[in-house]
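Below, chains carry the letters A, B, ... as their sequence lines are ordered, and counting in each starts from 1. Since the model is a prediction, treat every value here as computed from it, not as a measurement.
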Amino acid sequence: MDQTFGQDSVPVSGPLDKSRVWDVKPLRRLVPVFPSAPNSSSSSAPPGAAPFFCTAPFGPFPSEVSPFYPFSASVGAQGQPQQNASFGYGNPVTAAVPITSFRTPPHSTAQVNGDTGPSRSSRGRVQSQSQGSFGDEDGYCDSQNQGAQFVSRYSMHIADAEVNSKGGRRKNKPQKRTRSGRDINVTLPDIDVDSIVNNILSSYNLMEFDTVRRTDGDRDSVGYILLIFDLLRRKLSQIEDVREAMPGVARRPDLRVGTILMNKGIRTNVKKRIGAVPGVEVGDIFFFRMELCLVGLHHPIMAGIGYMGLTVNLEEESVAVSVVSSGGYEDNVEDGDVLIYSGQGGNINRKDKEVTDQKLERGNLALEKSLRRGNEVRVIRGVKDLSTPTGKIYVYDGLYKIQESWTEKGKSGCNVFKYKFIRVHGQPEAFMTWKLIQQWKDGISLRVGVILPDLTSGAENIPVSLVNDVDDEKGPAHFTYLASLKYAQPVDSLEIFGGCDCRNGCVPGDQICPCIQKNAGYLPYTSNGVLVTQKSLVHECGPSCQCPPTCRNRVSQGGLRVHLEVFKTKDKGWGLRSWDPIRAGAFICEYAGQVIDISKIEELGGENVDDYLFDATRTYQPVEPVPSDANGVPKIPFPLIITAKDVGNVARFMNHSCSPNVFWQPVLRQSDKGYDLHVAFHAIKHIPPMRELTYDYGLPDKAERKKNCLCGSSKCRGYFY
DNA sequence: TTGTATCAGGGGTAT
DNA sequence: ACCCCTGATACAAGT
């Protein structure tokens with residue numbers, strides 16, 4: 001990571017005049033770099049500057065909208081299933097089945113499991129199925145689901161599902177037996193996690209990983225696996241939201257999906273190894289232990305110490321290969337390059353057992369051997385993060401060596417092993433960057449190179465820093481900050497849409513809510529505001545809905561959620577990155593600016609190129625993993641084109657990359673007056689702090705001026721538009 | 001929930 | 001008698 005922090009950091013403080021416009025330089029293009037403007041001082045506003053313009057995130061919405069061609073609300077219905085389970089942009093994914101049709105034909109589960117070889121979980125299911133009378137759900141039933149209460153709830157869900165699935169097949173479960181042996185006539189919903197997963201996986205042509213990649217990963221395969229994992233996990237969460245604790249749906253989707261992928265061999269670096277893991281880079285972040293497992297960074301699913309047997313001179317011994325320091329024990333993590341790691345065992349973390357001295361066995365023994373042997377050990381540091389449900393993010397902090405070990409009395413008074421880990425030199429900063437950012441936020445240390453602490457002057461709910469620690473350029477060229485999209489005229493709506501009536505916010509599973517119905521029956525976002533899957537169109541609640549701004553179906557209207565900074569890149573002008581980690585699917589920002597007519601572009605043509613165009617009508621490369629039948633055509637209700645040349649938000653600084661980490665999602669907000677189509681940016685994968693945010697600018701229909709691409713990706717096309 | 005250690009038993013081979 | 005492999009089982013474990 002680029003960690004050049006200059007010396008001339010003078011924090012700009014105090015309230016900024018909102019009418020001020022600073023003369024800064026736009027460099028969204030990669031090449032060529034603009035020459036410096038003469039009066040490029042960020043702190044002095046030129047006289048007669050345009051007034052600062054800002055719209056509140058929730059409206060009022062413009063009453064005038066441009067007359068694009070009428071949009072029929074049935075885009076999804078007439079075209080591909082909207083709920084395609086793919087991140088691939090605009091891929092129709094015919095093989096990806098809409099969520100409402102994820103239904104298992106009777107006995108297909110056995111088939112599926114048979115394909116993938118025996119495994120503990122699948123064996124259990126097959127067995128329970130072969131018992132006959134209960135059908136395949138029983139493998140997942142637990143006692144709590146057998147009461148009459150649940151029965152009635154299920155029936156409700158089924159009725160709802162029926163409405164929603166438009167004739168999708170469903171099995172009838174003739175009988176369900178209660179614990180007391182009483183038989184109840186009940187129709188169970190047949191949500192089968194395995195078939196959901198299989199449907200999605202087959203749409204990717206990815207039922208299994210080839211052996212080579214399973215043994216040794218690379219960047220692509222690691223990315224692939226993590227993408228699939230989180231996509232499936234979000235999908236399961238989405239279903240679980242609607243059908244609480246029902247059989248067949250995991251209460252811990254992460255474990256459930258992890259198990260399935262492990263059994264299917266959709267994992268990599270399966271063989272344990274000492275040292276670096278191919279495809280995983282220092283600084284990579286993870287949100288679940290399962291992810292560490294799937295990419296081969298740390299094999300134990302729970303335990304903190306990973307070790308392997310090593311035979312040297314006919315003598316076999318266990319050596320440690322990886323440790324996770326996540327706060328379960330009393331580790332010392334104060335120093336960024338040193339880690340005092342506690343040994344395992346001794347019932348330190350068990351409430352039901354008496355604390356004892358730790359023994360020199362298992363992981364402790366392996367660490368001891370690694371100390372003697374001097375082998376490198378991978379260190380994954382757990383970082384507190386309140387924005388995640390688990391409250392933890394795992395940061396891969398690279399290789400360490402164990403310098404010494406000792407025992408000491410822990411808080412409980414029993415002996416605890418301690419191991420002193422020293423970070424191997426010459427690795428990119430990872431955990432250190434996190435500590436640094438925390439210090440910037442706490443005001444303990446100053447971010448070097450800050451030109452403006454908040455270039456939005458309060459237009460956003462979170463400040464956006466303007467930073468240059470590369471050279472002495474004082475900022476991008478003048479523009480007016482606007483937090484949202486500005487329509488010149490309303491887009492006429494043929495359909496009268498009064499909005500929903502969910503006064504406390506739209507609730508998953510509410511089959512009456514028209515907004516949820518428009519999204520094929522499911523809220524498009526998970527409970528923490530993460531987009532479940534890329535869709536041809538997301539229908540958000542609009543101005544005429546009764547739900548509050550905090551409604552789960554208004555994610556893109558809620559403004560920024562992470563602390564962004566506009567920074568000067570080494571060779572691509574200005575760029576955008578985040579101080580906060582961003583998880584896959586999370587909303588980042590929308591593309592603000594002025595909506596313009598398509599004819600405007602043609603006028604521009606030739607010389608007067610607008611470098612701040614967002615053109616939704618371009619052809620976009622599908623986001624990886626590439627589904628087999630992607631055609632790259634987005635499904636939007638009208639040809640949206642936005643210019644952020646004079647007026648825009650942080651999104652105008654996002655550079656192009658041929659291997660992007662951000663994608664855009666069309667979002668429709670509807671009212672009785674008309675339509676507002678917005679462009680929302682979401683993370684493709686987990687993005688560590690300070691990594692540049694990029695998206696694919698797409699390919700225009702007509703030849704426009706090409707620019708040389710400097711994204712540096714192995715898949716770089718060499719140019720972009 | 002999984003990974004790991006441990007043990008019992010079967011089958012093969014060497015002494 | 002011994003080794004190696006396999007399956008069963010118990011149990012620990014920084015979810």
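- Distances shown here put every side-chain N or O of A/K353 at or beyond 4.0 Å from the OP1 or OP2 atom of C/dC11.
- Note on A/S342: a base of the nucleic acid sits closer than 4.0 angstrom, heavy atoms only.
- The CZ-C1' distance, from A/R289 to B/dT2, rounds to 11 Å in whole Å.
- In this structure, the CG atom of A/N364 is 15 Å from the C1' atom of B/dA5, given to the nearest Å.
- One atom, CG of A/L292, and another, C1' of C/dT15, lie 11 Å apart when rounded to the nearest Å.
- Following rounding to the nearest Å, A/L367 (CG) and C/dA13 (P) show an atom-to-atom distance of 13 Å.
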Can you name the atoms? Protein N/O to nucleotides 5-7 of chain C N/O, anything below 3.5 Å, with the distance.
none

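- On a pure distance criterion of 3.5 Å, a polar donor-acceptor pair joins the side chain of A/R252 and the base of C/dT15.
- Note that the CD1 atom of A/I260 and the CG atom of A/N198 stand 8.0 Å from one another [nearest 0.5 Å].
- With respect to the salt-bridge test (charged N to carboxylate O, under 4.0 angstrom), the residues A/D254 and A/R234 do not qualify.
- Each of B/dT2, C/dT15, C/dG14 was ranked by its minimum atom distance to the side chain of A/Y341; first place goes to C/dG14.
- Counting any heavy atom pair closer than 4.0 Å across all strands shown, A/K272 reaches sugar-phosphate atoms only and no base atom.
- Of the candidate nucleotides C/dT15, C/dA13, B/dG3, C/dA13 has the atom nearest to the side chain of A/R350.
- Within the 4.0 angstrom heavy-atom criterion, only backbone atoms of the sugar-phosphate kind lie near A/G345; the bases stay farther away.
- Distance A/D254 CG to B/dT1 P: 12 Å, rounded to the nearest Å.
- A/S405 approaches A/Y419 most closely through the heavy-atom pair CB-CD2, 3.5 Å.
- Residues in residues 369-383 of chain A take part in these side-chain hydrogen bond (donor to acceptor under 3.5 Å, both in side chains) pairs, two or more places apart or across chains: A/E317-A/R373, A/S370-A/N375, A/R381-A/D397, A/R381-A/Y400.
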query = Between A/W406 and A/E408, does a side chain to side chain donor-acceptor pair (under 3.5 Å) hold up when you go through it step by step?
reply = CA-CA 7 Å; A/W406 64 93; A/E408 62 182 50; 2.7 Å; yes

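- For A/D284 and A/R219, the salt-bridge test passes: some basic side-chain N is under 4.0 Å from an acidic carboxylate O.
- By the 30° and 60° cut-offs, the orientation of the rings of A/H686 relative to A/F287 is tilted.
- Around NZ of A/K384, the count of heavy atoms belonging to other residues, nucleotides or ligands within 6.0 Å does not exceed 12.
- Per the geometry, CD belonging to A/E330 stands 13 Å off C1' belonging to C/dG14, to the nearest Å.
- Across A/C506 and A/L523, no two heavy atoms sit closer than the pair O-CD1, 3.9 Å.
- The pair A/K435-A/D442 does not meet the salt-bridge criterion, since no charged nitrogen lies less than 4.0 angstrom from a carboxylate oxygen.
- Base engagement by A/D331 is indicated by at least one non-hydrogen atom pair under 4.0 Å involving a base atom.
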request  = Under 3.5 Å for both distances, Watson-Crick or G-U wobble, that's the pair rule; now give the dot-bracket for DNA chain B, with | marking pairs to another strand and [ ] for crossing ones.
outcome  = |||||||||||||..

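- Of the candidate nucleotides B/dA5, B/dT2, C/dT15, B/dT2 has the atom nearest to the side chain of A/T259.
- You'll find that the side chain of A/I301 is closest to B/dT2, out of B/dA5, B/dT2, C/dT15.
- Rounded to whole Å, atom P of B/dA5 lies 14 Å from atom CG of A/L360.
- For the pair A/H298 NE2 and C/dA13 P, the computed distance is 13 Å after rounding to whole Å.
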